[in-house]
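The structure presented is a predicted model; accordingly, all values stated were derived computationally and were not measured. Atoms within a ligand are numbered from 1 in the order they appear, just like the ligands themselves. Position 1 is the first residue of the sequence; numbering continues from there. Note: hydrogens, waters and symmetry copies are ignored here, and every other heavy atom, side chains too, is used.
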Amino acid sequence: MTTGFDALVIGAGPAGSAAAILLADAGWRVALVEKQAYPRRKVCGECISATNLPILQALGIGKAIGPLAGRPLRQVALVCGARIVRAPLPAFRDPVHQWGLAIGREHLDTLLLEQARCRGVSVFQPWQVCGIAGPPGHFQCRLRQGDGTGEYVLAAALVIDAHGSWEPPVLQEGGPRAPRDSRHRPSDLFAFKANFANASLDQGVLPVLSFPGGYGGMVIAGGARATFAFCLRRDALVEARIQFPNTTPAEAAQGWVRRHASAAAALLDDGVQVGKWLGAGPIRPGIHLGRRYAGAFRIGNAAGEAHPIIGEGISMALQSAVLLADTLLGQGAHRADGQAQVGIHAAYAEAWQRHFARRIHLSALYAQLAMRPHLLKGIFPALERHPALLTRFARWCGKVRPGPGLAGSERAAEYA
Ligand SMILES: Cc1cc2nc3c(=O)[nH]c(=O)nc-3n(C[C@H](O)[C@H](O)[C@H](O)COP(=O)(O)OP(=O)(O)OC[C@H]3O[C@@H](n4cnc5c(N)ncnc54)[C@H](O)[C@@H]3O)c2cc1C
(Lines give C-alpha, C1' and ligand atoms only; values in the text may rest on other atoms or scores of the structure.)
Protein backbone atom coordinates (compact mmCIF):
# COMPACT_ATOMS: atom_id res chain seq x y z
CA MET A 1 0.00 0.00 0.00
CA THR A 2 1.23 3.54 -0.76
CA THR A 3 1.91 5.49 2.42
CA GLY A 4 3.14 8.77 0.89
CA PHE A 5 0.34 10.97 -0.45
CA ASP A 6 0.08 14.38 -2.11
CA ALA A 7 -3.02 15.13 -0.03
CA LEU A 8 -4.80 13.57 2.91
CA VAL A 9 -8.49 14.43 3.31
CA ILE A 10 -10.13 14.15 6.75
CA GLY A 11 -13.80 13.12 6.44
CA ALA A 12 -15.83 11.70 3.54
CA GLY A 13 -18.91 13.91 3.70
CA PRO A 14 -19.81 15.72 0.45
CA ALA A 15 -16.93 18.18 0.93
CA GLY A 16 -14.18 15.62 1.55
CA SER A 17 -15.20 13.15 -1.16
CA ALA A 18 -15.63 15.93 -3.73
CA ALA A 19 -12.18 17.40 -3.03
CA ALA A 20 -10.59 13.93 -3.14
CA ILE A 21 -12.18 13.16 -6.53
CA LEU A 22 -11.17 16.48 -8.10
CA LEU A 23 -7.54 16.19 -6.98
CA ALA A 24 -7.28 12.52 -7.95
CA ASP A 25 -8.60 13.45 -11.41
CA ALA A 26 -5.69 15.88 -11.70
CA GLY A 27 -3.24 13.06 -11.02
CA TRP A 28 -2.67 13.65 -7.29
CA ARG A 29 -2.20 10.70 -4.95
CA VAL A 30 -5.00 11.23 -2.43
CA ALA A 31 -5.93 9.47 0.84
CA LEU A 32 -9.51 9.92 2.09
CA VAL A 33 -10.12 8.97 5.73
CA GLU A 34 -13.65 8.44 7.10
CA LYS A 35 -14.32 7.33 10.66
CA GLN A 36 -17.84 5.97 10.11
CA ALA A 37 -18.87 2.89 8.15
CA TYR A 38 -21.22 3.59 5.20
CA PRO A 39 -24.05 3.62 4.33
CA ARG A 40 -25.15 5.72 7.29
CA ARG A 41 -28.08 8.04 7.88
CA LYS A 42 -27.23 11.57 8.93
CA VAL A 43 -29.07 14.48 10.53
CA CYS A 44 -29.76 16.59 7.44
CA GLY A 45 -32.76 17.97 5.52
CA GLU A 46 -31.25 16.32 2.38
CA CYS A 47 -32.19 19.08 -0.10
CA ILE A 48 -29.66 19.94 -2.78
CA SER A 49 -29.91 23.19 -4.73
CA ALA A 50 -29.89 22.95 -8.52
CA THR A 51 -26.56 24.82 -8.65
CA ASN A 52 -24.86 21.65 -7.39
CA LEU A 53 -26.23 19.25 -9.96
CA PRO A 54 -23.55 20.19 -12.53
CA ILE A 55 -20.96 19.58 -9.81
CA LEU A 56 -22.41 16.17 -8.96
CA GLN A 57 -22.42 15.38 -12.67
CA ALA A 58 -18.77 16.41 -12.90
CA LEU A 59 -18.02 14.20 -9.92
CA GLY A 60 -19.49 11.26 -11.83
CA ILE A 61 -22.72 10.60 -9.89
CA GLY A 62 -25.15 12.76 -11.90
CA LYS A 63 -26.95 9.78 -13.46
CA ALA A 64 -26.95 7.67 -10.29
CA ILE A 65 -28.71 10.20 -8.05
CA GLY A 66 -31.80 10.67 -10.27
CA PRO A 67 -33.52 7.34 -9.46
CA LEU A 68 -32.73 7.69 -5.73
CA ALA A 69 -33.99 11.27 -5.35
CA GLY A 70 -37.46 12.75 -4.90
CA ARG A 71 -39.18 14.78 -7.64
CA PRO A 72 -37.59 18.14 -8.58
CA LEU A 73 -38.15 20.81 -5.92
CA ARG A 74 -40.24 23.55 -7.52
CA GLN A 75 -42.04 25.08 -4.56
CA VAL A 76 -41.22 26.39 -1.11
CA ALA A 77 -43.80 26.81 1.67
CA LEU A 78 -43.46 28.74 4.90
CA VAL A 79 -45.34 27.20 7.84
CA CYS A 80 -46.02 29.21 10.98
CA GLY A 81 -48.52 27.72 13.45
CA ALA A 82 -51.63 26.82 11.44
CA ARG A 83 -50.73 29.23 8.61
CA ILE A 84 -48.98 28.23 5.44
CA VAL A 85 -47.92 30.23 2.38
CA ARG A 86 -46.55 28.67 -0.81
CA ALA A 87 -44.37 30.17 -3.54
CA PRO A 88 -42.31 28.94 -6.51
CA LEU A 89 -38.64 28.29 -5.86
CA PRO A 90 -36.41 30.27 -8.22
CA ALA A 91 -35.21 28.30 -11.27
CA PHE A 92 -31.46 27.93 -11.88
CA ARG A 93 -30.39 29.28 -15.28
CA ASP A 94 -29.03 26.00 -16.64
CA PRO A 95 -30.48 24.19 -19.62
CA VAL A 96 -30.46 20.81 -17.86
CA HIS A 97 -30.58 21.46 -14.10
CA GLN A 98 -33.25 24.03 -13.28
CA TRP A 99 -34.56 22.55 -10.02
CA GLY A 100 -33.00 21.15 -6.88
CA LEU A 101 -33.78 17.74 -5.42
CA ALA A 102 -33.68 15.78 -2.18
CA ILE A 103 -31.80 12.54 -1.66
CA GLY A 104 -31.05 10.51 1.49
CA ARG A 105 -27.54 11.10 2.83
CA GLU A 106 -27.05 7.34 3.12
CA HIS A 107 -27.21 7.34 -0.71
CA LEU A 108 -25.45 10.62 -1.56
CA ASP A 109 -22.43 10.14 0.69
CA THR A 110 -22.00 6.49 -0.32
CA LEU A 111 -22.19 7.32 -4.03
CA LEU A 112 -19.56 10.04 -3.68
CA LEU A 113 -17.24 7.86 -1.63
CA GLU A 114 -17.52 4.97 -4.08
CA GLN A 115 -16.83 7.37 -6.93
CA ALA A 116 -13.69 8.55 -5.11
CA ARG A 117 -12.54 4.95 -4.81
CA CYS A 118 -13.18 4.40 -8.55
CA ARG A 119 -11.14 7.49 -9.43
CA GLY A 120 -8.08 6.06 -7.65
CA VAL A 121 -8.43 7.68 -4.21
CA SER A 122 -7.10 5.46 -1.38
CA VAL A 123 -10.02 5.19 1.04
CA PHE A 124 -9.44 4.41 4.74
CA GLN A 125 -12.78 3.52 6.35
CA PRO A 126 -13.67 3.18 9.15
CA TRP A 127 -10.48 4.93 10.21
CA GLN A 128 -10.10 8.16 12.16
CA VAL A 129 -7.40 10.79 11.82
CA CYS A 130 -6.19 11.34 15.40
CA GLY A 131 -3.25 13.68 15.04
CA ILE A 132 -1.04 15.50 12.57
CA ALA A 133 2.64 16.23 13.11
CA GLY A 134 5.44 17.72 11.04
CA PRO A 135 5.71 20.77 8.81
CA PRO A 136 3.52 21.46 5.74
CA GLY A 137 4.91 19.53 2.80
CA HIS A 138 5.96 16.69 5.15
CA PHE A 139 2.99 15.93 7.39
CA GLN A 140 2.82 12.70 9.39
CA CYS A 141 -0.86 11.84 9.95
CA ARG A 142 -1.78 9.38 12.70
CA LEU A 143 -4.78 7.15 11.89
CA ARG A 144 -6.67 4.81 14.24
CA GLN A 145 -8.86 1.96 13.01
CA GLY A 146 -12.58 2.16 13.89
CA ASP A 147 -12.49 -0.81 16.28
CA GLY A 148 -9.38 0.60 17.95
CA THR A 149 -7.22 -2.37 16.92
CA GLY A 150 -4.82 -0.71 14.52
CA GLU A 151 -2.77 2.47 14.20
CA TYR A 152 -1.09 3.72 11.08
CA VAL A 153 0.96 6.74 10.05
CA LEU A 154 0.55 8.26 6.59
CA ALA A 155 2.88 10.84 5.08
CA ALA A 156 1.13 13.62 3.15
CA ALA A 157 2.35 16.88 1.64
CA LEU A 158 -0.95 18.67 2.29
CA VAL A 159 -3.95 18.14 4.60
CA ILE A 160 -7.56 18.99 3.75
CA ASP A 161 -9.86 19.20 6.76
CA ALA A 162 -13.46 18.23 5.91
CA HIS A 163 -14.45 16.92 9.35
CA GLY A 164 -17.93 18.53 9.33
CA SER A 165 -19.50 20.05 12.44
CA TRP A 166 -20.00 17.33 15.00
CA GLU A 167 -16.41 16.25 15.58
CA PRO A 168 -13.62 18.40 17.00
CA PRO A 169 -10.98 19.41 14.44
CA VAL A 170 -7.83 17.30 14.33
CA LEU A 171 -5.09 19.31 16.02
CA GLN A 172 -1.54 19.77 14.85
CA GLU A 173 0.69 18.06 17.39
CA GLY A 174 2.81 20.67 19.17
CA GLY A 175 0.80 23.47 17.51
CA PRO A 176 -1.22 26.21 19.23
CA ARG A 177 -4.35 24.90 21.01
CA ALA A 178 -7.38 27.13 21.13
CA PRO A 179 -9.39 26.15 24.22
CA ARG A 180 -12.50 24.19 23.18
CA ASP A 181 -15.60 26.08 24.21
CA SER A 182 -17.83 23.50 25.86
CA ARG A 183 -20.03 25.92 27.87
CA HIS A 184 -23.76 25.22 27.70
CA ARG A 185 -25.72 28.17 26.35
CA PRO A 186 -29.52 28.52 26.17
CA SER A 187 -29.05 29.37 22.47
CA ASP A 188 -27.19 26.10 21.64
CA LEU A 189 -28.97 24.45 18.70
CA PHE A 190 -29.70 20.72 18.70
CA ALA A 191 -30.64 18.99 15.46
CA PHE A 192 -33.05 16.09 14.90
CA LYS A 193 -34.18 14.05 11.95
CA ALA A 194 -36.60 11.21 11.17
CA ASN A 195 -37.96 9.60 8.01
CA PHE A 196 -41.59 8.75 7.33
CA ALA A 197 -43.37 6.61 4.75
CA ASN A 198 -46.91 7.55 3.56
CA ALA A 199 -46.71 11.20 4.61
CA SER A 200 -49.33 13.39 2.91
CA LEU A 201 -46.67 15.92 1.93
CA ASP A 202 -46.68 16.76 -1.80
CA GLN A 203 -43.68 15.73 -3.88
CA GLY A 204 -41.57 18.67 -5.09
CA VAL A 205 -42.58 21.02 -2.23
CA LEU A 206 -40.22 22.16 0.50
CA PRO A 207 -42.09 23.37 3.62
CA VAL A 208 -39.93 25.46 5.98
CA LEU A 209 -41.21 25.46 9.57
CA SER A 210 -41.05 28.31 12.07
CA PHE A 211 -41.76 27.61 15.74
CA PRO A 212 -40.68 29.03 19.11
CA GLY A 213 -36.99 28.35 19.67
CA GLY A 214 -36.41 26.53 16.40
CA TYR A 215 -36.97 25.93 12.72
CA GLY A 216 -37.06 22.96 10.38
CA GLY A 217 -38.04 21.53 7.06
CA MET A 218 -39.64 18.51 5.43
CA VAL A 219 -39.38 17.05 1.96
CA ILE A 220 -39.96 13.87 -0.02
CA ALA A 221 -36.45 12.55 -0.55
CA GLY A 222 -36.85 9.60 -2.87
CA GLY A 223 -38.78 6.36 -2.58
CA ALA A 224 -41.85 8.42 -1.49
CA ARG A 225 -40.09 8.73 1.88
CA ALA A 226 -40.38 12.02 3.78
CA THR A 227 -37.43 13.53 5.62
CA PHE A 228 -38.32 15.71 8.61
CA ALA A 229 -35.35 17.60 10.09
CA PHE A 230 -35.27 20.50 12.50
CA CYS A 231 -33.18 22.47 14.99
CA LEU A 232 -34.26 23.43 18.51
CA ARG A 233 -32.54 25.74 21.00
CA ARG A 234 -31.40 24.24 24.29
CA ASP A 235 -33.80 26.41 26.35
CA ALA A 236 -36.78 25.32 24.20
CA LEU A 237 -35.68 21.68 24.45
CA VAL A 238 -35.59 21.96 28.25
CA GLU A 239 -39.12 23.39 28.19
CA ALA A 240 -40.26 20.64 25.78
CA ARG A 241 -38.93 17.97 28.15
CA ILE A 242 -41.01 19.47 30.95
CA GLN A 243 -44.12 19.57 28.76
CA PHE A 244 -43.58 16.02 27.44
CA PRO A 245 -42.35 14.09 30.50
CA ASN A 246 -41.15 10.48 30.30
CA THR A 247 -40.07 10.84 26.68
CA THR A 248 -36.66 10.84 24.99
CA PRO A 249 -35.21 14.25 23.98
CA ALA A 250 -36.10 13.54 20.33
CA GLU A 251 -39.70 12.61 21.21
CA ALA A 252 -40.09 15.71 23.38
CA ALA A 253 -38.60 17.89 20.63
CA GLN A 254 -40.95 16.34 18.07
CA GLY A 255 -43.93 16.94 20.37
CA TRP A 256 -42.90 20.60 20.64
CA VAL A 257 -42.69 21.02 16.87
CA ARG A 258 -46.01 19.28 16.25
CA ARG A 259 -47.69 21.48 18.86
CA HIS A 260 -46.29 24.74 17.48
CA ALA A 261 -46.31 24.05 13.70
CA SER A 262 -49.65 22.29 13.42
CA ALA A 263 -50.01 22.85 9.66
CA ALA A 264 -46.77 20.92 9.13
CA ALA A 265 -47.58 18.25 11.71
CA ALA A 266 -50.77 17.46 9.80
CA LEU A 267 -48.65 16.50 6.79
CA LEU A 268 -47.04 13.72 8.83
CA ASP A 269 -50.20 12.52 10.60
CA ASP A 270 -50.64 9.45 8.38
CA GLY A 271 -46.90 8.88 8.12
CA VAL A 272 -45.22 5.76 9.44
CA GLN A 273 -41.79 6.36 10.93
CA VAL A 274 -38.99 4.49 9.17
CA GLY A 275 -35.84 3.98 11.23
CA LYS A 276 -34.90 5.75 14.45
CA TRP A 277 -34.93 9.43 15.30
CA LEU A 278 -31.42 10.82 14.96
CA GLY A 279 -30.18 13.66 17.14
CA ALA A 280 -26.94 15.62 17.16
CA GLY A 281 -25.47 18.85 18.35
CA PRO A 282 -25.03 21.45 19.40
CA ILE A 283 -24.28 22.85 15.96
CA ARG A 284 -22.14 25.98 15.77
CA PRO A 285 -23.15 28.01 12.71
CA GLY A 286 -20.64 30.69 11.71
CA ILE A 287 -17.34 31.15 9.90
CA HIS A 288 -14.55 28.86 11.15
CA LEU A 289 -12.00 29.44 8.37
CA GLY A 290 -9.35 31.83 9.61
CA ARG A 291 -7.36 34.02 7.26
CA ARG A 292 -4.17 32.63 8.85
CA TYR A 293 -3.00 29.22 7.61
CA ALA A 294 -3.20 26.74 10.50
CA GLY A 295 -1.69 23.71 8.76
CA ALA A 296 -4.77 22.42 6.93
CA PHE A 297 -7.12 23.67 4.23
CA ARG A 298 -10.67 23.65 5.60
CA ILE A 299 -13.73 22.93 3.43
CA GLY A 300 -17.43 22.26 4.02
CA ASN A 301 -18.80 22.79 7.52
CA ALA A 302 -15.25 22.71 8.89
CA ALA A 303 -14.71 26.04 7.07
CA GLY A 304 -18.08 27.59 7.82
CA GLU A 305 -21.61 26.54 8.61
CA ALA A 306 -24.81 28.26 7.57
CA HIS A 307 -27.93 27.83 9.71
CA PRO A 308 -29.62 24.83 8.05
CA ILE A 309 -32.82 26.86 7.60
CA ILE A 310 -31.54 27.80 4.13
CA GLY A 311 -30.59 24.21 3.22
CA GLU A 312 -27.30 25.30 1.66
CA GLY A 313 -24.84 23.19 3.70
CA ILE A 314 -24.35 20.50 1.04
CA SER A 315 -24.00 23.25 -1.59
CA MET A 316 -21.31 24.98 0.44
CA ALA A 317 -19.57 21.66 1.08
CA LEU A 318 -19.42 20.78 -2.62
CA GLN A 319 -18.70 24.31 -3.79
CA SER A 320 -15.91 24.92 -1.27
CA ALA A 321 -14.31 21.64 -2.42
CA VAL A 322 -14.43 22.86 -6.02
CA LEU A 323 -13.04 26.24 -4.96
CA LEU A 324 -10.15 24.66 -3.04
CA ALA A 325 -9.33 22.16 -5.81
CA ASP A 326 -9.37 24.95 -8.41
CA THR A 327 -7.13 27.12 -6.20
CA LEU A 328 -4.66 24.28 -5.52
CA LEU A 329 -4.52 23.19 -9.15
CA GLY A 330 -4.47 26.76 -10.51
CA GLN A 331 -1.54 27.67 -8.28
CA GLY A 332 0.43 24.52 -9.06
CA ALA A 333 0.27 23.38 -5.43
CA HIS A 334 1.34 19.80 -6.12
CA ARG A 335 3.83 18.96 -3.36
CA ALA A 336 3.97 22.65 -2.34
CA ASP A 337 6.17 23.42 0.67
CA GLY A 338 5.10 25.32 3.80
CA GLN A 339 5.71 28.82 2.44
CA ALA A 340 3.81 28.10 -0.77
CA GLN A 341 0.90 26.61 1.22
CA VAL A 342 0.63 29.82 3.27
CA GLY A 343 0.24 31.86 0.06
CA ILE A 344 -2.29 29.44 -1.45
CA HIS A 345 -4.30 29.48 1.77
CA ALA A 346 -4.51 33.29 1.68
CA ALA A 347 -5.93 33.18 -1.86
CA TYR A 348 -8.36 30.40 -0.95
CA ALA A 349 -9.55 32.13 2.26
CA GLU A 350 -10.23 35.36 0.37
CA ALA A 351 -12.21 33.60 -2.38
CA TRP A 352 -14.08 31.56 0.26
CA GLN A 353 -15.24 34.75 2.01
CA ARG A 354 -16.45 36.17 -1.32
CA HIS A 355 -18.50 33.09 -2.13
CA PHE A 356 -19.90 32.00 1.22
CA ALA A 357 -19.79 34.68 3.95
CA ARG A 358 -22.99 36.36 2.77
CA ARG A 359 -24.90 33.06 2.79
CA ILE A 360 -23.81 32.42 6.38
CA HIS A 361 -24.81 35.90 7.61
CA LEU A 362 -28.17 35.81 5.84
CA SER A 363 -28.93 32.32 7.19
CA ALA A 364 -28.41 33.69 10.72
CA LEU A 365 -30.92 36.46 10.05
CA TYR A 366 -33.53 34.03 8.66
CA ALA A 367 -32.93 31.64 11.57
CA GLN A 368 -33.41 34.33 14.22
CA LEU A 369 -36.67 35.37 12.58
CA ALA A 370 -37.95 31.80 12.21
CA MET A 371 -37.21 31.02 15.88
CA ARG A 372 -39.48 33.93 16.86
CA PRO A 373 -42.81 33.18 15.16
CA HIS A 374 -44.42 36.18 16.91
CA LEU A 375 -42.17 38.38 14.71
CA LEU A 376 -42.86 36.32 11.60
CA LYS A 377 -46.62 36.57 12.17
CA GLY A 378 -46.24 40.32 11.69
CA ILE A 379 -44.99 39.88 8.10
CA PHE A 380 -47.21 36.86 7.27
CA PRO A 381 -50.07 38.94 5.83
CA ALA A 382 -47.57 40.58 3.44
CA LEU A 383 -46.22 37.16 2.42
CA GLU A 384 -49.74 35.87 1.81
CA ARG A 385 -50.44 38.85 -0.45
CA HIS A 386 -47.02 38.66 -2.19
CA PRO A 387 -45.72 35.05 -2.08
CA ALA A 388 -43.06 36.11 -4.60
CA LEU A 389 -41.24 37.57 -1.58
CA LEU A 390 -40.49 34.00 -0.47
CA THR A 391 -39.05 33.26 -3.91
CA ARG A 392 -36.86 36.32 -3.52
CA PHE A 393 -35.68 35.25 -0.03
CA ALA A 394 -34.63 31.89 -1.51
CA ARG A 395 -32.73 33.66 -4.30
CA TRP A 396 -30.91 35.92 -1.81
CA CYS A 397 -29.51 32.99 0.12
CA GLY A 398 -27.66 31.67 -2.91
CA LYS A 399 -30.08 28.98 -4.13
CA VAL A 400 -29.48 29.82 -7.79
CA ARG A 401 -26.03 31.38 -7.64
CA PRO A 402 -23.63 29.27 -9.78
CA GLY A 403 -20.92 27.55 -7.78
CA PRO A 404 -17.29 28.65 -8.10
CA GLY A 405 -15.43 27.22 -11.08
CA LEU A 406 -18.49 25.76 -12.72
CA ALA A 407 -20.33 28.89 -13.83
CA GLY A 408 -20.74 27.61 -17.38
CA SER A 409 -20.95 23.93 -16.44
CA GLU A 410 -17.74 23.44 -18.48
CA ARG A 411 -16.46 20.72 -16.20
CA ALA A 412 -19.83 18.98 -16.19
CA ALA A 413 -19.76 18.99 -19.98
CA GLU A 414 -16.44 17.12 -19.91
CA TYR A 415 -18.12 14.24 -18.13
CA ALA A 416 -21.53 14.36 -19.76
C1 LIG B 1 -31.17 19.75 10.83
C2 LIG B 1 -30.27 19.96 9.63
C3 LIG B 1 -30.82 20.05 8.37
C4 LIG B 1 -30.02 20.27 7.25
N5 LIG B 1 -30.59 20.33 6.02
C6 LIG B 1 -29.84 20.56 4.93
C7 LIG B 1 -30.43 20.59 3.64
O8 LIG B 1 -31.63 20.36 3.45
N9 LIG B 1 -29.62 20.88 2.58
C10 LIG B 1 -28.29 21.13 2.74
O11 LIG B 1 -27.63 21.41 1.75
N12 LIG B 1 -27.70 21.04 3.95
C13 LIG B 1 -28.43 20.77 5.05
N14 LIG B 1 -27.84 20.66 6.27
C15 LIG B 1 -26.38 20.87 6.38
C16 LIG B 1 -25.57 19.68 5.86
O17 LIG B 1 -25.97 18.50 6.48
C18 LIG B 1 -24.08 19.93 6.14
O19 LIG B 1 -23.76 21.25 5.82
C20 LIG B 1 -23.19 18.99 5.33
O21 LIG B 1 -23.34 17.67 5.78
C22 LIG B 1 -21.72 19.40 5.47
O23 LIG B 1 -20.94 18.51 4.73
P24 LIG B 1 -19.41 18.26 5.13
O25 LIG B 1 -18.85 17.37 4.07
O26 LIG B 1 -18.73 19.54 5.42
O27 LIG B 1 -19.46 17.51 6.54
P28 LIG B 1 -20.19 16.16 6.96
O29 LIG B 1 -21.24 15.80 6.00
O30 LIG B 1 -20.55 16.34 8.38
O31 LIG B 1 -19.04 15.06 6.85
C32 LIG B 1 -17.93 15.06 7.70
C33 LIG B 1 -17.41 13.63 7.81
O34 LIG B 1 -16.15 13.66 8.49
C35 LIG B 1 -16.04 12.50 9.30
N36 LIG B 1 -15.02 12.79 10.31
C37 LIG B 1 -15.04 13.75 11.28
N38 LIG B 1 -13.89 13.75 11.97
C39 LIG B 1 -13.11 12.78 11.42
C40 LIG B 1 -11.80 12.31 11.71
N41 LIG B 1 -11.05 12.83 12.67
N42 LIG B 1 -11.30 11.28 10.96
C43 LIG B 1 -12.05 10.74 9.97
N44 LIG B 1 -13.30 11.15 9.66
C45 LIG B 1 -13.81 12.17 10.37
C46 LIG B 1 -17.46 12.33 9.85
O47 LIG B 1 -17.67 11.00 10.27
C48 LIG B 1 -18.32 12.74 8.65
O49 LIG B 1 -18.73 11.63 7.86
C50 LIG B 1 -28.62 20.40 7.41
C51 LIG B 1 -28.05 20.28 8.68
C52 LIG B 1 -28.85 20.06 9.78
C53 LIG B 1 -28.21 19.94 11.14
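- Nearest heavy-atom pair across Ala19 and Ile299 is CB-CD1, 3.7 Å.
- Between Ala317 and ligand 1, a contact under 3.5 Å exists for no N or O pair.
- Residue Arg40 places a heavy atom under 4.0 Å from ligand 1.
- Scanning the protein heavy atoms around atom 13 (C) of ligand 1, the nearest turns out to be Cys44 SG, 3.6 Å.
- Below 4.0 Å from some heavy atom of Glu312 lie the following atoms of ligand 1, by number and element: 10 (C), 11 (O).
- If you number the atoms of ligand 1 from 1 as listed, the ones under 4.0 Å from a heavy atom of His163 come out as 32 (C), 34 (O), 37 (C), 38 (N).
- Those atoms of ligand 1 that come under 4.0 Å of a heavy atom in Glu46, given as number and element, are 7 (C), 8 (O).
- For Arg234, the CZ atom counts as densely surrounded, since its 6.0 Å shell holds more than 12 non-hydrogen atoms of other residues, nucleotides or ligands.
- Closest to atom 2 (C) of ligand 1, if we only count protein heavy atoms, is Pro308 CB, 3.7 Å.
- At the shortest separation from atom 15 (C) of ligand 1 among protein heavy atoms lies Gly313 CA, 3.9 Å.
- Contacts with ligand 1 closer than 4.0 Å are made by side-chain heavy atoms of Ala191 only, the backbone lying farther away.
- Taking a cut-off of under 4.0 Å to the non-hydrogen atoms of Asn301, the atoms of ligand 1 that pass are 18 (C), 19 (O), 22 (C), 26 (O).
- Between Ala224 and Gln203 the shortest heavy-atom distance is CA-NE2, 4.2 Å.
- Here the heavy atom of the protein found nearest to atom 41 (N) of ligand 1 is Val129 O, 3.1 Å.
- Ranking the protein heavy atoms by distance from atom 40 (C) of ligand 1 puts Ile10 CG2, 3.6 Å first.
- The protein atom (non-hydrogen) at minimum distance from atom 48 (C) of ligand 1 is Glu34 OE1, 3.5 Å.
- Among protein heavy atoms, atom 11 (O) of ligand 1 sits closest to Ile314 N, 2.7 Å.
- Side-chain N/O atoms of Arg74 and Gln98 include no donor and acceptor closer than 3.5 Å.
- Taking both residues in full, the closest heavy atoms of Pro212 and Trp256 are given as O-NE1, 2.9 Å, listed atom of the first, atom of the second, then distance.
- Against a heavy-atom cut-off of under 4.0 Å, Gln128 is close to the following atoms of ligand 1: 40 (C), 41 (N), 42 (N), 43 (C).
- The line from CD of Glu350 to CG of Leu289 is 12.0 Å long, rounded to the nearest 0.5 Å.
- Contacts with ligand 1 closer than 4.0 Å are made by no heavy atom of Ala306, backbone or side chain.
- Those atoms of ligand 1 that come under 4.0 Å of a heavy atom in Ala15, given as number and element, are 25 (O), 26 (O).
- Shown in contact with Gly300 at under 4.0 Å from a heavy atom are these atoms of ligand 1, numbered in order with element: 26 (O).
- Ligand-side atoms of ligand 1 in range of Tyr38: 49 (O), range being under 4.0 angstrom from any heavy atom.
- In the candidate list Lys42, Arg105, Gln125, Arg105 is nearest to atom 20 (C) of ligand 1, counting heavy atoms.
- Of the protein's non-hydrogen atoms, Lys35 N, 3.2 Å is the one closest to atom 44 (N) of ligand 1.
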